[in-house]
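To start, the structure itself, in C-alpha cells.
Values reported hereafter were calculated over all heavy atoms of this structure, with side chains retained and with hydrogens, waters and symmetry mates removed. Just so you know, ligand 1 is whichever comes first in the structure, and atom 1 is the first atom listed for that ligand.
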Amino acid sequence: MAYDDQNVFAKILRGEIPCTKIDEDEHCLCFADVNPQAPVHVLVIPKGAYVDWNDFAATASAEEITAFTRAIRRVAEKTGIIDTGYRVISNIGQHGHQEVPHLHMHVLGGGPIGRLVAGQ
Ligand code: AMP
C-alpha cells in the first residue's frame, strides 16, 4: 500500500493539525489520542512516512527502530504508568482495524486495561 500523505497523522507531523504533545525526538512524535480508551492513551508515531508495522519493520533504519522503541518507554515513564503496567498495541491493516494509515503504537494505561481481545 502506498503512503497517503493526506492522512491525519501526516498533517499533525506537518503542523497542519494540532496535537497534545507528550514527547518528541528526531525520529518520533508522541501525542494524546483524541478519543482516549484508557486514563492514559498516547500514540507514538515515527516521523518517517511508514504506512504500518509491516512497512516500518521491513524498511526503517536501525536508528529509527531503536528510537521508536525507546520513545514508547519514555512515554510510559512520563505518563507515570511504567511501574503499574500498560499495553502497547498496533493495529495493522483491515483485520487489525487500522483506521489511520501511518504507523502508530497505542500506549494504554493508568488503570486495568482488561483482556487483550474483548469477547464479541
Ligand atoms: P487505529 O484504529 O489504530 O488506526 O487508531 C487511530 C487512532 O487515532 C484512534 O484511536 C483515534 O482516536 C486517533 N486519532 C484520530 N485522529 C486523531 C487526532 N487528530 N489526534 C489524536 N488522535 C487521533
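- The pair Asp25-Lys47 fails the salt-bridge criterion, with no side-chain N (NZ, NE, NH1 or NH2) lying under 4.0 Å from an Asp/Glu carboxylate O.
- Cluster annotation: Ile81 is connected to Val75 through the hydrophobic network of ILVMFWY side chains, with a link wherever side-chain heavy atoms come within less than 4.5 Å.
- Applying the 6.0 Å contact sphere to CD of Glu16 captures more than 12 heavy atoms from other residues, nucleotides or ligands.
- In the hydrophobic clustering (ILVMFWY side chains linked at under 4.5 Å, chained through shared members), Leu108 is joined by Ile89, Ile113.
- Here ring pair (Phe, Tyr, Trp, His ring centres under 6.0 Å) pairs that include residues 9-43, with residues two or more places apart or in two chains, are Phe9-Phe31, Phe9-His104, His41-His106.
- In this structure, ligand 1 sits under 4.0 Å from heavy atoms belonging to Val8, Phe9, Ile12, Phe31, Ala32, Asp33, Val34, Asn35, Leu43, Asn91, His97, Gln98, Glu99, Val100, His104, His106.
- Under the 4.5 angstrom side-chain criterion for Ile, Leu, Val, Met, Phe, Trp and Tyr, the cluster partners of Met1 are Tyr3, Val51.
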